[in-house]
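Fair warning: this is a prediction, and the values are worked out from it, not measured in the lab. Order of listing sets the numbers, starting from 1, for every ligand and every atom in it. All residue numbers in this chain count up from 1 along the given sequence.
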Amino acid sequence: MKTHCPQSVDLSGEWSLRNAKGTMECPMQLPGDVHSALLAANLIPDPYYGLNEDKVMWVGESDWILTRTVDAPASMLESASVYLNADMLDTFCDIVINGHDAGSAGNAFRRHRFEVKPFLHAGKNEFTLKFRSPVPEMAARAKDQPYPIPCVMGNGRKIPHWNMARKPMCHAGWDWGAALQLTGASGSLGLRATSTARIEHVTTRQDFKEGTCTLHVTAEVHAPKECQIPWSIEIDGRTIRSEARLGKGSNTLQTTVDIPNPRLWWPAGYGKQPLYELRVCVGDETVAKQIGFRSLRVKNEPDTTGRPLTFCVNGVDIFCKGANWIPADALLSPQTPERLRDLIQSARDAHMNMLRVWGGGQFEEDAFYELCDELGIMIWHDFMFACSLYPADRAFLDEVRAETEYQVKRLRDHPSIVLWCGDNENLGMLNWAEESKKNRDRYLLDWDKLNRARQEAAEKADDTHVYWPSSPCAGPGDFSDTFHTDGKGDMHYWAVWHAGKSFDSYYTVRPRFCSEFGYQSFPSMETVESFCPPEDRNITAPVMEFHQRNDAGNRLINEMFSRYFRMPAGFAETLYLSHVQQSVAMKTAVEYWRTLRPECMGTLYWQLNDVWPVASWSSLEYSGKWKQLHYHARRFYAPAIACVVPGKEDAGLWIVNDHTVELNAKVTCELWTFEGELRHSETLEVRVPAGSSKNAKTWPLAGIAPTPAGREQLFLHISLQGKAGSQHVSHENTHWFTEYKRCHPRKADIQCKTDGCELTLTSDFPAFFVQVDLKNVRGEFDDNSLTLLPGRPRKITFKPKEDRPALLPVPSVMHLAKSY
Ligand code: BMA
């Protein structure tokens, strides 16, 4: 939502920053954060390099003062009200204007607005923002609790009591994140004057009837004094004008407008994303926001297999494909709209249609939601509580109610938002922390109080979305364990990563919606070089271990190597193989769960992105570079896929069709030897109805080769070509009949001919997970981490993100058999 006010002073830009002790001073840009300002002034080393994060801990533990002189025009002070608008202050901040206390903030999830006219004079004004460190504040609050509120450290959480303040939990460190307890501000910051009213919120509700949408528009306004004013709304070339009599304080204005045959907003892959600008003018202020027309139903009524979680948009049940979103950076300043666009575009390019904004992160800036609207990415939105228990006293709950009301009203009209979810894994926490294991009743009651507070606030502020109590959970009113049990609601399936089960165990559950499951990999060499000096390029060296925040992470990666792969030859090969392994894990899960549709209707892997360069579950590296997993995601999330679901004695060929029309395809299945001999080929003609999956064929393993040893010589290559309506559909897949380490792929010699951005790859033997890399050139290939067959050259194209570099570096090519 953008507010326009003719009399305003923008307070973004340069401020002067000093520490409270007065020993350090430098400029600071707002929006932005203190660490970034100190870094730009060369006062701290790069926190992402080497072991530096620990060396800059003191920044988060210090108090900081920002000052600036602000020119206030005399005409502004003639208005009835001048207010300071701060979209986001992180976190404990006292605002002083010309020596007067003008307001204080203490919740990074709320917008703050203070009447400041009494403190201003025409001409130059001294503004001071005094930020207190959250670290002692959180410790003091923890001490004040009547009993301990568990907040488990370890796994990257380095700064205690992160459950005590309303600021992003991951600022304390996470099992993928740096601990840089931030101080800063984002969004808009400025003075605005009005003699009529300020607009607090504009919200809409859509009622569809026979093609026409009646749009109900509500404006909540705050008037400094009683007045009679004109107000109007504008949308789609229509203007509705009204008059309103406002009382001093809060007022609600309402009107409706009929939009005949609005163009509907669809999730990516299902149609277009037309957006309409809605402008609401009340007296001096105008607010503009983009909305999209769509209907939404979340289906969760019990059925024969349990309790589904299905998102139905414009009457179509959508299979939700995507990943979990964490903040774009551990620092605030680098979270630019360009970075957001790059990441969200990458999600869309991998056929994702949903991201889950995870509860340990933050409510994002407007640009994030606008991009998701534009690109058709649905948002499952957690409220900001994660992996912890929280206080339930009145003051805390009042803050939670206020932030929930604000954020829900702020965001609810984005067509991309499809669900409000109470928290991330707080129910699970009841079983993990010692205190709550011993006294479950007490902590469960507190969870319930908190949950009621946010649910009531959300439902009061928004009657257009469903409130989902926690992720994972079985559904409102059912709090059974959905970490281990499938069949109901959303599941977080972590048995493969955290519990170290084999990839096959993905076949043992039938989630209705799997909102978290993941597998880690190391960063690529390019990223490693950005933070790790050459002497530490070994995964057990201090810097590499420091950039791994899951305590068991490196052990789990290596142990799983030993189950499936031959141990990699060196450091570069280890990084590479970790990307292969991660891809295999996610591919196994997603392909199988997609075949279960309509029983399963969503898979969101953990996690899309990284906040700094680190070993993690992400498919996009900190730089935005695609890991192999992201290329696999583009394949396994394609609207139509052919995949194999292995049984004990057989292998089933499944075709999944997410298109809203029938898929008509030819599927060619080829049985190859690792020596490059095509043993058998068959082509099936398949028709798969809209939005369904089909078991097209099942091969008894004994028919493929009579013995397991025989099957170690063979692999299956599948190619699907067809049409869904007028759309051409194509998909390729490779299936091995046993663990990779047992097979004998040849050390293929891969030739790569480059013609500008077009590369032609040829191989003398079958080669797997063939990964082409152009180090340090930002951009992606249209395909990568692929299977190459002898005699079948493959063309791939590189799309640079920057203006095309004059000369691309010589590409490096890696493949599985070359890694050991
Ligand atoms: C999930 C998340 C995160 C965490 C991830 C990996 O449970 O909710 O808290 O980063 O697992 O451990």
Side-chain angles (χ1 to χ4, degrees), residues 150-159 162-163 168-179 322-328 330 354-362 380-390 419 421-433 468-473 481-484 489-501 506 509 511 513-522 547-557 560 578 582 585-586 589 602-612 614-620 622 627 629:
C151 168
V152 177
M153 300 290 285
N155 273 327
R157 286 103 179 180
K158 292 189 176 181
I159 304 168
W162 36 272
N163 52 351
M169 310 297 140
C170 64
H171 287 179
W174 215 262
D175 57 1
W176 36 258
N324 284 267
W325 171 267
I326 58 174
M354 182 182 267
L355 292 174
R356 169 172 173 245
V357 176
W358 163 79
Q362 62 194 13
W380 167 313
H381 213 308
D382 285 0
F383 292 145
M384 296 303 133
F385 305 88
C387 306
S388 187
L389 296 170
Y390 288 85
L419 191 78
C421 168
D423 64 50
N424 173 72
E425 299 188 348
N426 288 8
L427 282 165
M429 190 63 191
L430 289 165
N431 304 325
W432 302 330
W468 190 253
S470 180
S471 184
C473 85
D481 175 0
T482 48
F483 287 92
H484 305 99
D490 73 317
M491 183 170 201
H492 287 190
Y493 189 66
W494 280 103
V496 174
W497 173 261
H498 288 300
K501 290 201 177 167
Y506 288 122
V509 286
F513 193 113
C514 203
S515 49
E516 273 192 24
F517 56 103
Y519 207 87
Q520 269 206 1
S521 65
F522 295 111
H547 288 249
Q548 162 63 277
R549 290 302 160 90
N550 186 206
D551 297 343
N554 288 0
R555 174 176 64 72
L556 289 168
I557 295 175
M560 197 64 100
S578 75
Q582 178 189 32
M586 294 299 92
T603 58
L604 308 176
Y605 63 74
W606 185 269
Q607 74 213 50
L608 181 74
N609 53 319
D610 271 336
V611 301
W612 72 314
V614 69
S616 87
W617 300 265
S618 75
S619 60
L620 298 174
Y622 172 61
K627 288 183 181 172
L629 170 57

Query raised in the report: How would you list, by chain and number, every residue that makes a ring pair (Phe, Tyr, Trp, His ring centres under 6.0 Å) with His492, sequence neighbours excluded?
Result: Phe483
Query raised in the report: Can you say whether the rings of Phe517 and Tyr605 are parallel (under 30°), tilted (30 to 60°) or perpendicular (over 60°)?
Result: perpendicular
**Report entry** Qualifying residues under side chain to side chain contact (heavy atoms under 4.5 Å, CB included), relative to Ala615, sequence neighbours excluded
**Finding:** Gln520, Phe522, Pro523, Gln548
**Report entry** Aromatic centroids of Trp617 and Trp176 separated by under 6.0 Å
**Finding:** no
Requested in this report: Kindly write out the residues that satisfy salt bridge (Lys or Arg N to Asp or Glu O under 4.0 Å) with Asp382, not counting sequence neighbours, or none if the list is empty.
Outcome: Arg356
Report task. Using a 4.5 Å cut-off on heavy atoms from C-beta on, say whether the side chain of Pro327 contacts that of Cys170. Result -> yes
Requested in this report: Check each protein residue for a heavy atom under 4.0 Å from ligand 1 and list those that pass, ordered by chain and number.
Outcome: Trp174, Asp175, Trp176, Trp358, Cys387, Asn424, Glu425, Trp494, His498, Glu516, Trp606, Trp617
